[in-house]
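What follows is a set of notes on a single structure, which appears directly below.
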Amino acid sequence: MWIEGVACFLGLSLVLYVLLAGADFGAGMVELGLRRKQHQNVVYHALGPVWEANHIWLILVVVILFSAFPRAYAEICTRFHIPLTLVLLGIVFRGCAFTFRHYDVREDRTHTIYTLVFEWMSILTPFFLGVVAGGLFLERAGDDFWSLYLAPWLNPFAFALGAFTCANCLLLASVFLLGETREPELQEEYRRVARRGLAAVVLSGGAVFLAAGWQGVPLIESFLSRPLPLAAWAGATAGAGFLSFNLQPERVWRGRLAVGFTVLCILLGWFGSQYPNLVSSGPDALTLYNTAADEETLRILFLCLLGGCLLIFPPLLYLIRIFKAGATPISEKA
Amino acid sequence: MSDLFAARTQMALSLGFHIVFAVIGMAMPFLLAAAHWLWLRRGDPHYYQLTRAWLRGVAIFFATGAVSGTVLSFELGLLWPRFMEHAGPIIGMPFSLEGAAFFLEAIAIGLYLYGWNRIPPWLHWSLTLVIGFSGVLSGIFVVCANAWMNSPSGFDWNSGSPTNIEPVRAMLNPAAFSQCLHMTLAAFESTAFGVAGVHAMSLLRKPDSRLHRSALKIALAFAACTALLQPLSGDYSAKSVAQRQPAKLAAMESLFHSQSGAPLLIGGWPNPDTGEVHYAIEIPGLLSFLAHGQWDAPVTGLDQIPRDEWPPVAVVHTAFQVMVGCGTVLAIVAAPALWLLGRASEALFRPALLTAFVLCAPLGFLALEAGWVVTEVGRQPWILYGFLRTSEAVTPMPGLTFTLGLYSGVYLLLTVVVVFLMTRQVRSVD
């Protein structure tokens, strides 16, 4: 029972990371496509107060994994050492570039460098996180360096999933940013990006299934054979459809709920099709059950997480309320 | 370079880089609280300008600290998966609590930055204390996890893996209090002397600046108090280490031969092969007295430790001397500084004293890094003292020299950029 409870927190943390940090990463990608000063301001105002907090969901995923499912954590860190290193590079450079750009006292050519770094690193991290997620589906065979440390992630399926992740981030960000600006020109640009993002999600999603078929990953079968992923697939399709009709700045919250629901369904589809496997599938799979820590540890972890939620969510909601009331950050004032 | 050595070096670089930003993030909110409080109480605009100037620095350091902390949480697994496989469930709790504290801190920072005219002034001010206390708590939880590595508790070890895990007992291990106390004081001491030095340098150029004068006074208050308390904390820590990790104490002091009435060494270069220490100043009996409270108490030397369990003596000893040396200098500067502060004396701003403060600026951070070398290298060859060796814990993936090179480049680049930014920041304030 505690295993399932902790697994729920793991899933919740992952969902929050994808939704919130996904929009965060996507904003950097949107900047790359649209390249204007006003975008940078919109992005800073949108992300500014909350982006520091977004790291925490990823850290929470890591902590839950090593506390509750340590063997799976060790295996993931060994097998995917290289792509995870790239993810980290992206996180470090992106975070620093974003902050430095805003807090540097003078605006000159260094700002171009910060911007370039911020935008490209915004692609690197979600791409390789997607690659790792894809790699989790795959078996591993062989004892040489290639089979152990490269093949698990350097393949079309994992890369397709990396692209799919980026497409989702772009979609999340453009829909979110649509509601963050009053200027009609910017709104129209965000709408265009959102439509392209939606198309990218559908196309890259198709590529994921194609690559799965080509590589012999039983992805379609696992979706069709279980009720949850099947329902999630249907939900994602419906959500995407609803979203495409609600990309108007007047209907900000409908659009946001629709995109959040769509991405949530995509994630639930993933969890549902893989459950209870964490790494690989078949008889050698590392599952929630065969990698779990002992019951006492799980119980204490679950209670800590529950306590943490109760402690954290009120201040978080207060922050969002204050911020959304149109506050300007102190650094903007004379 | 062996993969194990590359992994150890990479971890050391990552920790060494992160710690600077982490301590600034821990201590600066309290300095900010002082400046902001003075503005609310006295209304002088220079307090407001000081708060804003410090805020910019804090934001830059906090962000860099946050991302380097994220790197560390991954590196625990990327570099030491076989350690985390066993230790993860045992120290999961302090890490989860650290995450919660960090999250609270991030939210409070967001509120502080964005709520300037939206929240009642004194409530807004109190956020600096929320940021500060959650930052300090965050540091304490992480240090508890590190303390557990030095003083393992809360589990039974059966044929290579832990059972009967008690996470609370693991977190509240025998080394936790001494390490947390020493580290928290170190965070304030190093940050405060660093800030004092920066403002002292500005005062040498602009002696009449009210902003820099107030900044120096606030920073010195924190610096002087902590610098005088730190030797007491250090003494307590050393006594604790003498009980729990005699090999570490022996390496710190280069004590090759167990003896009663053991001498304290100042300086000196140890030769582990011959068991001699060259060029050291010996104070007879002082080590026995400091470690165990009696001049003739026996102190365990390296001769009672199996040779394959010796830490790298020269590194640990040298780092210890550097740490104590820096700490002593800071305490010597702190005493008159505190006296002059208390009397609100103008002598505090004489060029000679200002120059002293400028020279002291890096010493706190040097002591900080040296201290971490003492405790981490002094624990080798163990990653979990007495249970698991570092060599048994490292990732099987080869090619770690490459990742070491990569991260070294990253940290070097970031250091350069942060220094560049802070230089521009300091110049703009003037």
Side-chain angles (χ1 to χ4, degrees), chain A residues 48-50 52-53 55-56 58-60 62-68 70-71 73-78 81 84-85 87-89 91-93 95-96 98-100 103-106 145 148-149 293-294 296-297 300-301 304-305 308 311-312 315-316 318-319 322-323 325 327-331 333, chain B residues 52 55-56 59-60 62-64 66-71 73-74 76-78 81-82 84-86 88-93 95-97 99-100 102-104 106-111 113-119 163 165-168 395-399 403 406 410 414 417 421 424-425 428:
Chain A
V50 291
E52 298 274 8
H55 293 306
I56 197 62
L58 184 62
I59 293 178
L60 201 53
V62 168
V63 172
I64 295 176
L65 271 177
F66 74 60
S67 307
R71 266 212 311 144
Y73 173 74
E75 183 57 32
I76 292 172
C77 287
T78 311
H81 188 127
L84 285 174
T85 303
V87 164
L88 283 179
L89 280 181
I91 289 178
V92 169
F93 279 121
C96 290
F98 183 70
T99 305
F100 296 170
Y103 282 98
D104 194 3
V105 280
R106 278 204 291 272
F145 187 83
L148 289 171
Y149 304 110
D294 66 288
E296 179 62 13
T297 308
I300 293 185
L301 179 65
C304 277
L305 289 166
L311 179 70
I312 295 300
L316 183 60
Y318 182 57
L319 171 69
I322 290 284
F323 164 61
T328 331
I330 184 62
S331 47
K333 295 189 168 63
Chain B
R52 281 207 52 205
L55 196 51
R56 221 172 249 270
I60 291 171
F62 183 80
T64 317
V67 295
S68 53
T70 309
V71 170
S73 69
F74 275 84
L76 285 174
L78 291 176
R82 298 191 234 185
M84 290 308 288
E85 202 177 314
H86 298 306
I90 307 176
I91 48 167
M93 197 169 88
F95 277 112
S96 332
L97 293 170
F102 170 77
F103 201 19
L104 205 57
I107 292 173
I109 287 189
L111 279 169
L113 291 174
Y114 282 81
W116 205 271
N117 288 323
R118 294 258 155 198
I119 304 175
T163 53
I165 295 172
E166 294 173 76
V168 178
T395 180
M397 191 183 94
T403 56
L406 188 65
V410 169
L414 284 178
V417 174
L421 278 177
R424 296 225 291 198
Q425 158 77 346
S428 82

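Proteins get letters first, then strands, A, B, ... in listed order; numbering begins at 1 in each.
- With rounding to the nearest 0.5 Å, the separation of CZ in A:R71 from CZ in B:R82 is 14.0 Å.
- Between chain A and the residues B:G399, B:P167, B:P396, B:A108, the most heavy-atom pairs under 4.5 angstrom are made by B:P396.
- B:I107 approaches A:P315 most closely through the heavy-atom pair CG2-O, 3.6 Å.
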>> Using the rule given for side chain to side chain contact (heavy atoms under 4.5 Å, CB included), can you reason through A:T85 versus B:F74, listing the C-alpha separation, both sets of side-chain angles and the distance that settles it, and then say yes or no?
In response: CA-CA 9 Å; A:T85 303; B:F74 275 84; over 6 Å; no
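- The heavy-atom pair separating A:I312 from B:A100 by the smallest distance is CD1-O, 3.7 Å.
- Using a 4.5 Å heavy-atom threshold, the side chains of B:T395 and A:C77 count as separate.
- Taking CZ of A:F100 as the reference point, atom OG1 of B:T64 lies at 4.0 Å (rounded to 0.5 Å).
- Under the side-chain contact (heavy atoms from CB on, under 4.5 Å) criterion, A:E75 pairs with A:R79, A:R140, A:V279, A:L286, sequence neighbours left out.
- In terms of heavy atoms, B:I165 sits closest to A:E296 at O-CG, 4.2 Å.
- Of the two parts of A:L58, only the side chain, counted from C-beta on, holds a non-hydrogen atom closer than 4.5 Å to a non-hydrogen atom of chain B.
- Only the side chain of A:L89 comes within less than 4.5 Å of a heavy atom of chain B; its backbone N, CA, C and O stay farther away.
- Proximity to chain B is limited to the side chain of A:V62, based on heavy atoms less than 4.5 angstrom apart.
- Looking at A:L301, the atoms closer than 4.5 Å to chain B (heavy atoms on both sides) all sit in the side chain, from C-beta outward.
- Nearest heavy-atom pair across A:C96 and B:L414 is SG-CD2, 3.8 Å.
- Looking at A:L60, there are no atoms closer than 4.5 Å to chain B (heavy atoms on both sides), in backbone or side chain.
- The CD1 atom of B:I109 lies 11.0 Å from the CG atom of A:L319; values are rounded to the nearest 0.5 Å.
- The candidate from B:G99, B:P398, B:S68 with the greatest count of non-hydrogen atom pairs under 4.5 Å with chain A is B:P398.
- The shortest side-chain heavy-atom distance between A:L316 and B:F103 falls under the 4.5 Å cut-off.
- Annotation: side chain of A:L88 is in contact with side chain of B:L78 (closest heavy-atom distance under 4.5 Å).
- At least one side-chain heavy atom of B:T70 sits under 4.5 Å from a side-chain heavy atom of A:I59.
- The structure places OG1 of A:T78 at 12.0 Å from CE of B:M84, a figure rounded to the nearest 0.5 Å.
- Here the closest heavy-atom approach between residue A:P70 and residue B:P89 is recorded as CG-CG, 3.6 Å.
- A:Y149 pairs by the ring-ring contact (aromatic ring centres under 6.0 Å, His included) definition with A:F145, not counting sequence neighbours.
- Only the side chain of B:T403 comes within contact range of chain A, with at least one heavy atom under 4.5 Å from a heavy atom of that chain.
- Taking all atoms of both residues into account, the shortest heavy-atom contact from A:G95 to B:V67 is CA-CG1, 4.1 Å.
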